[in-house]
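The structure presented is a predicted model; accordingly, all values stated were derived computationally and were not measured.
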Amino acid sequence: MAEKKALIVYAAAYETAEAALADLDAIEQLHKDELIGQYDAAVIDQEHGKPHVVKRMDRPHIRVIPEWFGGGTLPRKELHEAAQELTASQAGLIAVGEPSIEKGLDKAFTGAARVVKRTVEATTDEITSELQEALKEADMVDMHFEVDIIPVSDVDRAKQFYQSLGWRLDGDDSPLPGLRIVQFTPPGSAASVTFGTGLTAAAPGSAEGGLTVSDVVAAHAELTGRGIDTIDIWHGPPFPVEARQPGPDPEHTSYGSFCSFNDPDGNTWLVQEVTTRRPGV
């Protein structure tokens with residue numbers, strides 16, 4: 001059975017092979033300057049409708065079996081399968097190595113509009129699917145979560161509540177008869193909450209939302225200090241309720257500690273402590 005290895009996987013899509021090759025050269029220069037260790041990287045594209053390896057860098061270049069038969073972390077077969085995720089007008093740059101190369105490689109990808117980076121535990125045989133998924137993600141149009149609509153029964157009461165949280169009031173507009181749009185944004189958030197009249201048929205109190213904080217104890221203290229009825233901090237899984245353990249996680253493990261509160265309609269907000277993001281998140 002093949003042994004799983006911890007690997008860092010980079011994938012980026014480019015408009016031209018030349019732009020991808022320039023970043024591949026930058027990776028090779030980092031290796032020459034001894035700023036990164038062992039790595040395997042390649043530029044791939046579609047040539048006459050078929051997957052094509054434009055250029056490959058494998059350091060150290062130790063190869064008993066010629067490349068066209070396979071070998072290394074990125075054998076030709078795997079590169080061809082990854083290249084199938086590209087369109088005819090694209091090129092891709094993929095790089096794989098031990099996690100120690102991450103700091104250096106972060107500086108090398110400059111010509112791509114989007115770079116996807118993942119830390120994985122995979123065998124050489126399994127790396128193909130990781131590369132394909134990463135290339136798919138690199139080629140996707142960025143989508144940023146912007147607004148969540150929550151159902152409320154009394155717009156003015158809800159507005160007063162969310163103001164009491166200290167959230168920023170972005171607007172309160174009535175552009176048409178029977179339509180009112182109130183929007184708030186939590187401090188430091190890129191996404192907002194909208195409620196009003198004529199927006200949703202969902203039952204008031206049926207929404208559940210998630211908030212993240214770097215310090216759940218401080219967040220709980222601020223909420224209660226603002227007069228918000230907040231459930232005591234717990235750790236362990238958020239659901240079922242019976243699985244919760246009182247108090248914050250003793251190690252303050254990221255994603256491990258919670259508190260929660262409801263708005264006047266019963267819409268629930270789960271507050272989760274996040275100190276270190278999981279890879280790819």
Side-chain angles (χ1 to χ4, degrees), residues 3-11 97-103 105-106 115-123 126 129-130 133-134 137 140 142-151 161-162 164-168 184-194 202 205-281:
E3 180 184 355
K4 289 182 179 291
K5 295 178 60 178
L7 297 170
I8 190 83
V9 174
Y10 286 80
E98 295 181 354
S100 59
I101 71 172
E102 180 177 6
K103 186 175 181 180
L105 253 62
D106 281 348
V115 179
V116 173
K117 178 175 65 174
R118 295 180 178 180
T119 302
V120 302
E121 291 274 344
T123 65
E126 294 170 340
S129 61
E130 295 290 345
E133 290 302 314
E137 187 177 342
M140 289 175 66
D142 281 350
M143 293 185 182
H144 301 278
F145 183 73
E146 188 71 18
V147 175
D148 188 24
I149 298 174
I150 60 173
F161 174 80
Y162 285 97
S164 71
L165 287 174
W167 293 11
R168 185 185 71 225
F184 281 90
T185 300
S189 175
S192 304
V193 173
T194 297
S206 61
E208 295 183 2
L211 303 167
T212 60
V213 297
S214 59
D215 186 333
V216 73
V217 174
H220 187 274
E222 179 172 337
L223 288 167
T224 55
R226 289 178 176 273
I228 306 301
D229 186 10
T230 309
I231 294 178
D232 289 342
I233 298 171
W234 76 87
H235 65 278
F239 304 105
V241 174
E242 294 77 17
R244 299 175 179 178
Q245 301 297 313
D249 181 85
E251 304 296 328
H252 281 272
T253 304
S254 195
Y255 302 95
S257 300
F258 305 84
C259 66
S260 67
F261 63 92
N262 294 341
D263 73 5
D265 283 287
N267 295 304
T268 299
W269 290 98
L270 188 70
V271 182
Q272 183 177 33
E273 183 176 85
V274 178
T275 54
T276 303
R277 290 282 179 180
R278 291 176 180 137
V281 177

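- To the nearest 0.5 Å, atom CZ of residue F184 and atom OG of residue S189 are 14.0 Å apart.
- Here side-chain hydrogen bond (donor to acceptor under 3.5 Å, both in side chains) pairs that include residues 263-274, with residues two or more places apart or in two chains, are S153-D265, R157-D265, Y162-D263, Y162-W269, H252-E273, N262-T268, D263-N267.
- Interatomic distance, E146 CD to T194 OG1, rounded to the nearest 0.5 Å: 9.0 Å.
- A distance of 4.0 Å separates OG1 in T185 from CZ in R168, rounded to the nearest 0.5 Å.
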Derivation of the side chain to side chain contact (heavy atoms under 4.5 Å, CB included) call for L165 and I228: CA-CA 8 Å; L165 287 174; I228 306 301; 3.7 Å; yes
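- Two residues are said to be in side-chain contact when any heavy atoms from C-beta on lie closer than 4.5 Å; T275 and Y255 fail this criterion.
- Looking only at side-chain heavy atoms (C-beta outward), L105 and Y10 come within less than 4.5 Å of each other.
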L270/F258 under side chain to side chain contact (heavy atoms under 4.5 Å, CB included): CA gap, chis, key distance, verdict: CA-CA 7 Å; L270 188 70; F258 305 84; 4.0 Å; yes
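- Side-chain contact between F261 and F161 is present, with heavy atoms from C-beta onward closer than 4.5 Å.
- You'll find the side chain of V274 stays beyond 4.5 Å of the side chain of S214, heavy atoms only.
- Contact detail for C259 and W234: the closest heavy-atom pair is CA-CZ3, 3.6 Å.
- In terms of heavy atoms, P151 sits closest to A202 at CB-O, 3.3 Å.
- Screening residues 224-248 for salt bridge (charged side-chain N to carboxylate O under 4.0 Å, His left out) gives E222-R226 as the qualifying pairs, with residues at least two apart or on separate chains.
- Of the inter-residue distances, the one linking H220 atom NE2 with S260 atom OG reads 8.5 Å to the nearest 0.5 angstrom.
- With contacts defined as side-chain heavy-atom distances shorter than 4.5 Å, the pair I233/V217 qualifies.
- For the residue pair T276 and S254, no side-chain donor N or O sits within less than 3.5 Å of a side-chain acceptor on the partner.
- Residues D249 and G256 share a closest heavy-atom pair of CB-O, 4.3 Å.
- I8 is listed as a side-chain neighbour of I101, based on a closest heavy-atom distance under 4.5 Å.
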